[in-house]
Amino acid sequence: MRNIQMVLERWGNWSKHKIETDVGYSPIAAGFKGLLPEGGANTMCTEDDAMIIDSCLARLKLKRPDEYTLIFEHYVKDISKRAIARRLRLSEGMIRIKFQMAEGFIDGCLSMLDIKLEMDDWH
């Protein structure tokens with residue numbers, strides 16, 4: 001069984017890296033690069049996996065744009081679920097339910113495609 005939160009975390013790290021390279025700036029100031037642990041970059045998905053996940057997220061955006069926004073804010077922008085709940089004036093429990101629905105949609109989409117992701121072998 002696939003861990004959809006791990007899949008989305010790796011996709012989010014890939015997306016952050018893609019945004020940084022497309023924009024051309026580093027999120028870490030000059031002179032501080034070696035001081036922070038390299039946690040995020042090591043857990044990125046491959047380009048092929050990212051394209052598959054992107055297609056599932058595009059479907060989510062069409063069907064449930066509010067849930068897509070939650071996924072993007074949490075996994076790409078690193079906004080905590082608690083902060084999202086406060087901003088939307090919803091309980092954390094309700095936000096977690098919305099996340100479960102969105103993550104379930106993506107997981108179901110990946111299952112329907114019946115494609116094995118490269119990261120499935122990484123456990």
Side-chain angles (χ1 to χ4, degrees):
M1 179 137 196
R2 181 179 286 144
N3 180 345
I4 193 63
Q5 291 174 338
M6 180 210 53
V7 168
L8 289 170
E9 183 179 315
R10 289 179 176 176
W11 168 83
N13 289 335
W14 174 86
S15 294
K16 284 180 255 187
H17 177 73
K18 192 75 171 159
I19 290 169
E20 290 167 11
T21 55
D22 287 349
V23 173
Y25 74 89
S26 174
I28 301 172
F32 291 93
K33 253 207 184 329
L35 299 177
L36 296 175
E38 291 283 334
N42 294 337
T43 57
M44 289 192 312
C45 62
T46 64
E47 189 86 17
D48 291 339
D49 284 356
M51 292 299 121
I52 294 166
I53 297 164
D54 271 346
S55 69
C56 294
L57 284 161
R59 288 191 178 118
L60 178 65
K61 189 174 184 178
L62 284 174
K63 302 278 185 192
R64 302 174 181 169
D66 55 327
E67 291 177 14
Y68 168 82
T69 301
L70 293 176
I71 295 291
F72 189 83
E73 287 180 345
H74 182 66
Y75 289 104
V76 177
K77 293 184 175 182
D78 288 326
I79 300 172
S80 71
K81 292 177 184 176
R82 178 175 288 165
I84 293 170
R86 273 194 308 261
R87 183 179 53 80
L88 296 176
R89 294 187 174 131
L90 294 171
S91 70
E92 282 186 59
M94 181 56 69
I95 287 297
R96 292 187 188 284
I97 290 170
K98 289 182 177 286
F99 266 94
Q100 286 176 343
M101 290 173 31
E103 291 164 351
F105 183 96
I106 300 302
D107 198 21
C109 190
L110 289 170
S111 294
M112 290 297 294
L113 290 172
D114 197 28
I115 296 173
K116 184 175 181 182
L117 298 173
E118 292 177 37
M119 73 174 84
D120 289 342
D121 295 330
W122 297 352
H123 301 299

>> Just verifying a value: how many Å separate I79 CD1 and I84 CD1, rounded to the nearest 0.5 Å?
In response: 5.5 Å
> Which heavy-atom pair separates K116 from R2 by the least distance, and what is that distance?
Replying inline: CA-NH2, 4.3 Å
> Who are the side chain to side chain donor-acceptor pair (under 3.5 Å) partners of D48, not counting sequence neighbours?
Replying inline: none
> Are H17 and N13 close enough, and set up right, to give a side-chain contact (heavy atoms from CB on, under 4.5 Å), and what steps lead you there?
Replying inline: CA-CA 6 Å; H17 177 73; N13 289 335; over 6 Å; no
Side-chain donor-acceptor distances from residues 92-109 under 3.5 Å, at least two apart:
unit_1, atom_1, unit_2, atom_2, d
E92, OE2, R82, NE, 2.9
E103, OE1, Q5, NE2, 3.3
E103, OE2, Y75, OH, 2.6

> Hey, what do you get for CD1 (I115) to CD1 (I53), rounding to the nearest 0.5 Å?
Replying inline: 10.5 Å
>> Using the side chain to side chain donor-acceptor pair (under 3.5 Å) criterion, which residues pair with R86? Sequence neighbours excluded.
In response: none
Donor-acceptor list for residues 58-70 side chains, cut-off 3.5 Å, not counting sequence neighbours:
unit_1, atom_1, unit_2, atom_2, d
R64, NH1, E67, OE1, 3.4
T69, OG1, P65, O, 3.0

>> List the residues meeting side-chain contact (heavy atoms from CB on, under 4.5 Å) with D78, not counting sequence neighbours, and say none if there are none.
In response: K16
>> If I take atom CZ from residue R87 and atom OG from residue S80, how far apart are they, to the nearest 0.5 angstrom?
In response: 10.5 Å
> Please walk me through it: do V76 and W11 pass side-chain contact (heavy atoms from CB on, under 4.5 Å)?
Replying inline: CA-CA 8 Å; V76 177; W11 168 83; 3.5 Å; yes
> Roughly how far, to the nearest 0.5 Å, is the SG atom of C56 from the CG atom of L113?
Replying inline: 5.0 Å
> Quick one: does D49's side chain have a donor or acceptor within less than 3.5 Å of a partner on L117's backbone?
Replying inline: no
>> Nearest 0.5 Å, please: how far is CG in L57 from CD1 in I52?
In response: 12.5 Å
